[in-house]
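The structure under discussion appears below in the form of structure tokens.
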Amino acid sequence: MIRTDSFDPLDPRIDLGDWIEDAIRWFVRTFSIIFDGLQAVLEGAFDAVDTVLEAPHFLIMITLFAALAWTVRSWKLAVFTVIGFYVIASVDQWSEAMYTLAMVLVAAGIAVLISVPVGIWAAKSTSVSNAVRPILDFMQTMPPLVYLVPAIVAFGVGVTGGIVATIVFAMPPGVRFTELAIRQVDSEVVEAGQAFGSTPRRILRQIQLPLAMPTIMAGINQVIMLALSMVVLTAFIGAHGLGREVRSSLTRVDLALGVEGGLAIVILAIYLDRVVAALADRAPVVRASRVRD
Amino acid sequence: MFGRRAEQAVRRLKEGASREEVAKLGATAAVIDASFEVQPGEIFVVMGLSGSGKSTLIRMLNGLWPATDGHVFVDGIDIANISDSELRRVRKQKISMVFQHFALLPHRTVLENAAYALDIQGVDKTERRAKAGEALEMVGLAGWEDKFPVQLSGGMKQRVGLARALAAGSDIMLMDEAFSALDPLIKREMQDQLVQLQSSLNKTIVFITHDLNEAMRLGDRIAVMRDGRIVQIGTAEEVLNDPANDYVAQFVADVDRTRVLTASSVMEPAQYTVNANAGPREAQHAMREKQMTAAFAVGRRDNKLHGVVYDKEVVSAVKRGDTTLESIIDANVASVHQDAYLVDLFAPAAESQLPLAVIDDEKRLVGVVPRVTLLNAMASIADVVHSAEAASVASESPPPGQPADGPGTHDTVDPMGARTVAEQLAVQDAAEVERDQN
């Protein structure tokens with residue numbers, strides 16, 4: 001970093017980027033134990049999920065995916081699943097698709113585990129809500145590629161940095177939807193819980209969460225979709241999967257490869273979206289509202 | 001008290017500031033002065049228009065909204081000054097609540113909803129299902145246990161709300177505009193059901209409403225609220241016949257008195273009576289003295305109504321030398337119970353030549369309602385409306401002789417504004433009555 005001895009107001013130059021870089025590097029060096037631990041945990045989690053998805057024969061996995069689709073939604077989705085995933089396998093993207101799916105599942109899972117409790121907290125406390133909101137705005141407006149730089153500083157090239165960047169990028173809708181969902185629960189029903197002597201924790205579990213569940217699920221759906229789009233970008237810091245296929249198609253101007261990789265991503269996205277939406281429809285509140293004699 | 005600087009606002013109010021003055025501090029004084037006691041087993045109705053603070057008031061009674069200042073005693077426990085866990089215990093054991101929009105859990109069945117309070121109380125599953133089932137049966141929802149709230153009509157949903165409160169087993173029930181969201185016919189039905197349930201359960205009920213007719217129909221006592229203050233507490237008849245101030249007077253001007261006042265409140269002493277146990281000679285003497293053509297024959301000791309005797313027949317009985325009146329007493333006499341509403345008096349009054357006999361549970365004659373009295377009671381409704389209008393036209397300030405209604409309200413009395421509200425209510429009520437009659 002070059003230190004300027006005098007600040008010239010007519011030709012201003014603040015070394016803001018340098019300062020932040022210094023800060024981040026200092027942070028990573030100082031807390032290297034934490035980052036190493038994080039790396040080990042995330043990599044372990046990813047390897048486990050990836051192994052489960054990639055190890056079996058692709059036909060077995062297709063059957064399992066289709067069975068899940070049938071259970072939560074309909075035979076139509078099961079048919080789409082079979083065709084879609086078979087197409088992925090036949091364009092030779094199976095292993096890449098499973099790698100990407102594993103990253104999405106790990107990143108989105110952790111993002112949900114963090115964002116839903118934060119959302120609940122923000123719904124309960126206005127000051128938390130006020131503190132969280134600008135951070136979320138910042139996270140959402142920052143171009144996604146920018147997240148990759150600190151990730152590479154902290155975790156080096158590889159899948160872990162990609163997962164962390166994805167978690168950060170995918171979290172905001174989880175927080176926002178959860179906060180909104182809890183706040184929107186009919187205040188009279190919450191009052192009913194209080195009036196009969198229920199504790200706040202029990203009101204959350206028995207009233208607020210069940211009634212907020214459809215909206216929270218919509219938020220989780222958003223988290224997963226954002227995670228998928230981010231996971232593709234993490235190819236730029238050395239993660240594999242469909243993203244790498246797309247990236248190499250870009251560098252090599254390989255249109256065929258680009259189409260195949262892109263198509264696989266779209267199929268994955270549709271599948272994940274429909275399954276999560278179906279899960280949201282199975283929330284007790286939604287099911288009870290559909291009951292007719 | 002809501003909003004910022006609540007403590008300061010309370011201090012200002014105690015010094016005599018008005019609601020508007022403290023509003024400038026950024027604080028909303030929802031309830032300012034509401035002191036009352038509710039007796040065990042009574043239905044206490046708090047009535048007021050929206051914004052009068054009645055919803056805040058009822059939420060202070062179980063601590064849903066903490067009072068900024070003052071005390072709320074439930075069985076000697078000051079709700080306004082206890083810890084959260086103690087407050088929860090009081091709510092579990094002593095107070096239940098029924099909500100305007102039912103506040104049922106949509107993802108639970110009717111039975112589970114009715115058992116909710118028991119679930120919170122930690123009652124085990126079989127017992128709470130049994131108790132909730134009983135409560136549902138009480139409100140007439142047996143057979144609906146496994147339905148979801150979405151399958152129920154508004155009235156039925158509120159019955160589930162009622163069953164939930166009943167199943168809780170607490171002595172005190174708070175009802176926040178419980179029937180206001182229901183359409184008029186269902187509302188009426190629910191009111192009747194509540195009165196009927198109350199006669200066997202004897203709960204202590206605080207009922208909030210903006211509907212004066214509902215207040216009159218349900219309330220053992222009624223508190224009228226305005227701008228966060230209770231301006232009058234009394235029975236329906238007291239509020240009607242002796243309004244504490246102009247505001248109450250205009251409010252009640254629109255009440256259908258015939259559905260509130262009972263025969264006993266308008267009846268007059270029975271003058272034309274003869275002793276049913278004595279002979280015709282004594283009857284003839286009494287009738288000649290008071291120049292009556294007909295008289296009620298009542299027992300001398302028990303004052304029981306035996307029937308009517310007519311002068312001609314008394315005279316012929318005397319001629320025949322009868323020793324008792326028995327043979328000439330016409331038992332077919334138009335009588336009404338003392339608790340009958342005026343509205344139910346018109347038909348018998350129209351058919352009967354004599355004044356209506358008013359009797360109690362033991363068939364004792366307690367008074368009579370001549371037709372002219374009935375008409376007079378009706379006419380006084382017009383009087384109230386008329387005098388209220390005259391007052392508002394004559395001057396901007398309340399007429400002299402009005403009871404003081406606390407500092408700070410005089411400058412806010414707006415007879416024109418109040419009347420518009422009252423007129424709106426009148427239109428609503430008229431429509432409701434019309435529907436009821438059809």
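So that the names make sense, note that chain A is the first sequence line, chain B the second, and so on, each numbered from 1.
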Over all atoms of both residues, closest heavy-atom pair of B/Phe99 and A/Ala195: CZ-CB, 4.0 Å
Whether over 12 other heavy atoms sit under 6.0 Å from B/Arg129 CZ: no
Flag if over 12 foreign heavy atoms under 6.0 Å of CZ, A/Phe138: no
side-chain hydrogen bond (donor to acceptor under 3.5 Å, both in side chains) contacts in which one or both residues fall within residues 98-124 of chain A, not counting sequence neighbours: A/Lys124-A/Gln208
Where A/Val189 and B/Leu105 come nearest, the two heavy atoms and their spacing: CG1-CD2, 3.4 Å
B/His107 versus A/Gln206, closest heavy-atom pair with distance: NE2-O, 3.4 Å
Heavy-atom proximity to chain A below 4.5 Å, by part of B/Leu87: neither
Minimum-distance pair of heavy atoms, taken over all atoms of B/Ile120 and A/Phe196: CG2-O, 3.4 Å
CZ (A/Phe80) with more than 12 external heavy atoms under 6.0 Å: yes
Expected output: side-chain B/Arg88 to main-chain A/Thr199 donor-acceptor under 3.5 Å: no
Flag if over 12 foreign heavy atoms under 6.0 Å of CD, B/Glu37: no
Reported CD-to-CD distance for the pair B/Gln100 and A/Glu191, which is rounded to 0.5 angstrom: 11.0 Å
Residue, of B/Val98, B/Leu64, B/Asn62, B/Thr109, that accumulates the most heavy atom pairs under 4.5 Å with chain A: B/Leu64
Other residues, nucleotides, ligands: >12 heavy atoms within 6.0 Å of B/Glu137 CD: no
Atom group of B/Arg59 that falls short of 4.5 Å from chain A, counting heavy atoms: side chain
B/Tyr116 versus A/Gly193, closest heavy-atom pair with distance: OH-CA, 3.4 Å
Non-hydrogen atoms of B/Ala103 and A/Glu188 that approach each other most closely: CB-O, 3.5 Å
Separation between CD of B/Gln151 and OG of A/Ser289, rounded to the nearest 0.5 Å: 10.5 Å
Interface residue of largest heavy-atom contact number with chain B, from A/Asp186, A/Leu211, A/Val286, under 4.5 Å: A/Leu211
Nearest-0.5 Å distance that lies between atom CZ in A/Arg202 and atom CG in B/Asp119: 4.5 Å
